[in-house]
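One structure below.
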Amino acid sequence: MASGDGSRDEILYLAAGLADLVTEGLRGATRRLPGLSEVRQELRARGELAVRRSGPGSEAHLEVLARHVVRRSQDG
């Protein structure tokens, strides 16, 4: 994968995450998201899930969430 592909994926996931967040309702989501860094992480995770849900051969939703939780615990 070229370095430009990663940037495109990041933009795609962030945009898809934002769209998913809007459809759920901003009021409820903002109560759960305390800071800007957490918002970005949440949007990226939502974007990945939204893209995978709508794509062919999508991964199991809970498996993606579990990997995300493990990644967060390793980072912090």
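Hydrogens, waters and symmetry mates are skipped; everything else that's a heavy atom, side chains included, is used.
Atom-to-atom distance recorded for Leu12:CG and Glu48:CD is 10.0 Å, nearest 0.5 angstrom.
When the side-chain contact (heavy atoms from CB on, under 4.5 Å) test is applied to Leu65, the partners found at least two apart in sequence or on another chain are Leu49, His61, Leu62.
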For a quick test of your reading: what N or O donor-acceptor pairs under 3.5 Å do the side chains of residues 14-22 make, sequence neighbours left out?
unit_1 : atom_1 : unit_2 : atom_2 : d
Asp20  : OD1    : Arg53  : NH2    : 3.2
Asp20  : OD2    : Arg46  : NH1    : 3.3

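Shortest non-hydrogen contact noted between Gln41 and Arg72 is OE1-NE, 3.4 Å.
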